[in-house]
**Q** 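My structure is below; once you've seen it, I'll send some questions.
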Amino acid sequence: MAQRTPERDHRSNRNRRRSTVAAYDQALSTRAWDDQPEHLKGDIRPEVALECGWGRLLFGQTFATHEALVAEVAKEEPGRRDICMYVREPHVAVSKAPQELFIDPSHTYRLWLHTLRADQAPIRGVVVRKMASAADADAVNRIYTEAGMVTAPTETLWHNQLTQTFTYLVAEDTESGEVIGTVTGVDHVFAFDDPEGGTSLWCLAVDPQTSRPGVGRALVRTLAERYQGRGRTYLDLSVVHDNQPAIALYEKLGFVRVPVFAVKRKNPINERLFAAAPAEGIGDLNPYARLIADEALRRGITVHITDAESGLLRLTHGGRTVHTRESLSELTNAVAMSRCDDKRLTRRLLLDAGLQVPAGRVATHDGEDLTFLHAHGELVVKPARGEQGQGITVGVRTEEELINAVALAERFCPDVVLERCVAGDDLRIVVIDHQVVAAAVRLPAMVTGTGEHTIAELIAATSRRRAAATGGESTIPLDDATTKTVTDAGFQLDDVLEADQELAVRRTANLHTGGTIHDVTDRLHPTLADAAVRASEVLDIPVVGLDLLVPDVEGPDHVIIEANERPGLANHEPQPTAERFVDLLFPSTRALPRGWRPGKGSADHRPEGGRGAGSAGDRPDGQARQDQ
């Protein structure tokens with residue numbers, strides 16, 4: 001069969017169907033148990049496969065035989081995920097090629113569009129609109145990557161947007177102008193002259209960094225309203241059976257389960273859906289170790305979980321074994337690790353190499369500390385050893401604050417470093433094998449007012465969303481540092497923040513205390529990239545996260561404040577941090593092809609020279625899903 005790409009619609013309105021609901025046994029889409037009655041098939045086009053960029057959508061009711069369906073599914077390309085929905089007798093179809101196919105363990109939910117009522121509580125600060133440019137398509141791919149979904153060539157998304165078969169919606173934050181969510185709709189009438197007047201929802205994804213609540217709900221409702229306006233009958237979606245938060249959302253919106261099944265091909269992207277966990281304890285890994293384990297498994301590298309709680313892995317391939325703890329591996333020797341672990345040593349080595357670091361000294365608990373404070377006006381106080389922002393105080397201005405900050409830092413390390421407080425954005429640059437792989441600006445935890453909730457309530461709600469988006473790795477503690485940040489801004493925790501007003505509730509941009517991270521790799525000034533590479537060479541470390549303060553990521557000015565020997569690679573989507581890390585460990589292996597890469601608009605799924613050149617990602621919870 002020749003693959004069909006939808007063209008602009010020139011069809012008559014003869015298939016615009018009434019919105020009355022047919023019984024399941026009288027509907028072609030839900031008759032999964034027997035042959036297709038001729039009177040239900042109408043004039044549907046045969047063997048329809050829609051090109052979506054990340055894979056194809058095959059409509060099972062358009063295939064006359066199981067053999068034809070199996071033959072079409074076999075055409076799936078590497079690095080892509082084809083989905084065949086509305087499969088008649090799915091168990092029989094799978095029996096035709098059990099080594100290749102499986103029944104997707106997902107539920108299908110349907111919203112009867114005649115039941116949809118106007119939204120009484122629209123979301124604040126977000127507008128849902130159609131994809132309007134290639135830049136929007138790139139933003140969609142970035143969200144796909146952050147959500148662990150397979151990406152698509154930008155030109156495919158844009159071409160599909162110009163047809164009536166596809167509807168691509170994006171959610172835009174009205175304050176920042178950033179795209180923070182996306183959903184795709186498919187109109188079955190334009191796709192294959194569906195006699196039922198059906199539609200389906202795909203690729204619902206929300207930026208895990210956004211603090212706006214209700215974005216997914218707004219996207220689903222807007223898509224449903226658009227299809228209701230076309231006079232369509234229902235909106236279907238597929239959701240993995242154990243995704244309870246998503247199921248709860250859909251049921252709240254009025255979706256009900258229907259007997260519709262999907263068949264997929266057994267490939268590395270779908271492996272968790274048809275096979276047992278490839279490594280015992282893999283589900284217990286944190287997102288940073290899980291990202292590496294998943295990338296290794298996709299390449300055929302054996303993964304043994306040494307200790308899930310600490311993220312210890314043993315990776316084996318072709319007689320080579322490497323032990324890792326998240327992004328720290330045996331390739332980083334103890335001496336290199338000590339250069340990063342001790343902030344005093346890090347400062348001296350970088351300063352001696354001519355790199356820029358802020359003025360600083362080791363606390364001596366005497367008048368020299370106060371002299372240093374008075375000389376610079378504002379300090380950062382931090383333990384000489386430590387991570388995840390523990391024991392750090394930013395914005396120390398008085399003698400009392402200095403005494404308290406030093407005491408806090410000493411809880412984590414007896415040696416304390418004082419540094420001049422430098423204004424600027426908190427920039428993390430990840431360097432692997434002495435090459436810049438990713439750069440991101442880290443922002444402190446923020447809350448957005450509703451006009452109804454107190455700041456404490458907003459912090460608790462935002463903390464819950466951050467925890468859900470990061471697998472529990474990021475939360476906003478209601479501690480003294482948070483209270484002081486709020487107080488310094490002129491508020492109290494029990495104050496009600498005005499609607500849409502944003503408030504930073506932490507001074508540090510650490511991800512573990514609710515901070516968010518925003519990719520700026522394509523904007524990074526060459527001087528900043530060079531400084532990061534030079535620092536990695538001075539520290540003689542193969543994998544490192546350099547923390548800089550910069551007034552502008554597109555300018556050369558900077559100071560280096562820290563070096564992290566175990567940077568979190570899961571924080572830098574859509575950049576290929578896990579791919580480059582596993583390349584370093586096992587250079588003979590290759591990643592799966594990608595349909596899109598940041599900064600390039602799009603890329604062919606076919607690997608260059610016939611070999612893999614990219615990767616499809618996975619959600620932190622391990623369920624990479626294109627159909628959610």
Side-chain angles (χ1 to χ4, degrees), residues 327-328 331-364 368-369 371-373 375-387 392 394 413 415-442 508-509 520-567 572 575 577 580 584:
S327 63
L328 180 65
L331 277 64
T332 297
N333 60 46
V335 175
M337 182 174 172
S338 70
R339 297 187 189 109
C340 295
D341 177 59
D342 188 336
K343 296 177 178 63
R344 298 164 299 179
L345 178 58
T346 305
R347 283 179 46 81
R348 290 199 300 271
L349 292 173
L350 297 182
L351 187 61
D352 290 346
L355 291 165
Q356 300 179 51
V357 298
R361 69 186 306 275
V362 176
T364 52
E368 293 299 318
D369 291 349
T371 300
F372 186 76
L373 171 62
H376 297 287
E378 188 174 8
L379 301 182
V380 176
V381 179
K382 53 190 174 183
R385 287 187 169 90
E387 58 182 1
I392 296 177
V394 178
C413 178
D415 299 309
V416 177
V417 174
L418 313 181
E419 287 183 347
R420 178 173 68 91
C421 190
V422 179
D425 289 334
D426 189 330
L427 175 67
R428 163 64 64 88
I429 302 178
V430 175
V431 180
I432 299 177
D433 199 16
H434 305 300
Q435 297 181 37
V436 172
V437 177
V441 168
R442 301 185 297 181
T508 58
V520 295
T521 307
D522 297 338
R523 298 167 48 203
L524 191 67
H525 193 279
T527 298
L528 305 183
D530 290 344
V533 172
R534 285 185 58 205
S536 74
E537 293 170 343
V538 169
L539 299 172
D540 194 17
I541 189 167
V543 179
V544 64
L546 280 307
D547 293 338
L548 293 77
L549 288 173
V550 299
D552 183 359
V553 297
E554 298 183 63
D557 296 338
H558 69 280
V559 291
I560 302 174
I561 55 174
E562 285 189 21
N564 190 318
E565 74 280 1
R566 183 163 54 101
H572 292 276
Q575 304 303 330
T577 51
R580 297 293 84 82
L584 174 71

**Q** Rounded to the nearest 0.5 Å, what separation is found between the CZ atom of Arg361 and the CZ atom of Arg420?
**A**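 Spacing of CZ (Arg361) from CZ (Arg420) equals 16.0 Å.
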**Q** Pick from Asp425, Ile429, Val553: which one makes a side chain to side chain contact (heavy atoms under 4.5 Å, CB included) with Val520?
**A**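 The option that passes is Val553.
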**Q** Ignoring hydrogens and geometry, is there a side-chain-to-backbone donor-acceptor pair from His525 to Arg523 under 3.5 Å?
**A**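 A pair under 3.5 Å: no.
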**Q** Determine, stepwise, if the pair Val436 / Leu528 fulfils side-chain contact (heavy atoms from CB on, under 4.5 Å).
**A** CA-CA 10 Å; Val436 172; Leu528 305 183; over 6 Å; no
**Q** Is it the case that the side chain of Asn333 and the backbone of Val335 share a donor-acceptor pair, with hydrogens and angles ignored and the cut-off at 3.5 Å?
**A**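 Judged by distance alone, yes, a pair lies under 3.5 Å.
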**Q** Name every donor-acceptor pair, under 3.5 Å, that has one atom in a side chain of residues 533-550 and the other anywhere in the protein, sequence neighbours excluded.
**A**
from, atom 1, to, atom 2, distance (Å)
Arg534, NH2, Ala353, O, 2.7
Ser536, OG, His434, ND1, 2.9
Ser536, OG, Val533, O, 2.7
Asp547, OD1, Arg428, NE, 2.4
Asp547, OD1, Arg428, NH2, 3.2
Asp547, OD1, Arg442, NH2, 3.2
Asp547, OD2, Arg428, NH2, 3.4
Asp547, OD2, Arg442, NH2, 3.2

**Q** Over all heavy atoms of both residues, which pair between Ile432 and Leu584 is shortest? Give the atoms and the distance, please.
**A**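 Here Ile432 and Leu584 meet closest at CG2-CD2, 4.1 Å.
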**Q** Using every non-hydrogen atom in the two residues, find where Glu419 and Pro358 come nearest and quote the distance to one decimal.
**A**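 Taking Glu419 first and Pro358 second, the nearest heavy atoms are OE1-CG, 3.8 Å.
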**Q** After noting the C-alpha distance and the side-chain angles of Arg339 and Arg348, does the key distance pass the side-chain contact (heavy atoms from CB on, under 4.5 Å) rule?
**A** CA-CA 10 Å; Arg339 297 187 189 109; Arg348 290 199 300 271; over 6 Å; no
**Q** List for me each residue that meets side chain to side chain contact (heavy atoms under 4.5 Å, CB included) alongside Leu328, sequence neighbours excluded, and say none if there are none.
**A**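 With sequence neighbours excluded, Leu328 shows a side chain to side chain contact (heavy atoms under 4.5 Å, CB included) to Thr332, Met337, Glu565, Arg566, given in chain and number order.
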**Q** Tell me if a side-chain donor or acceptor on Lys343 pairs with a main-chain N or O of Ile561 at a distance below 3.5 Å.
**A**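 Pair absent, no side-chain N/O of Lys343 close to backbone of Ile561.
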**Q** Return the CG to CG distance between Asp342 and Asp415, rounded to the nearest 0.5 Å.
**A**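 Going from the CG atom of Asp342 to the CG atom of Asp415 covers 7.5 Å.
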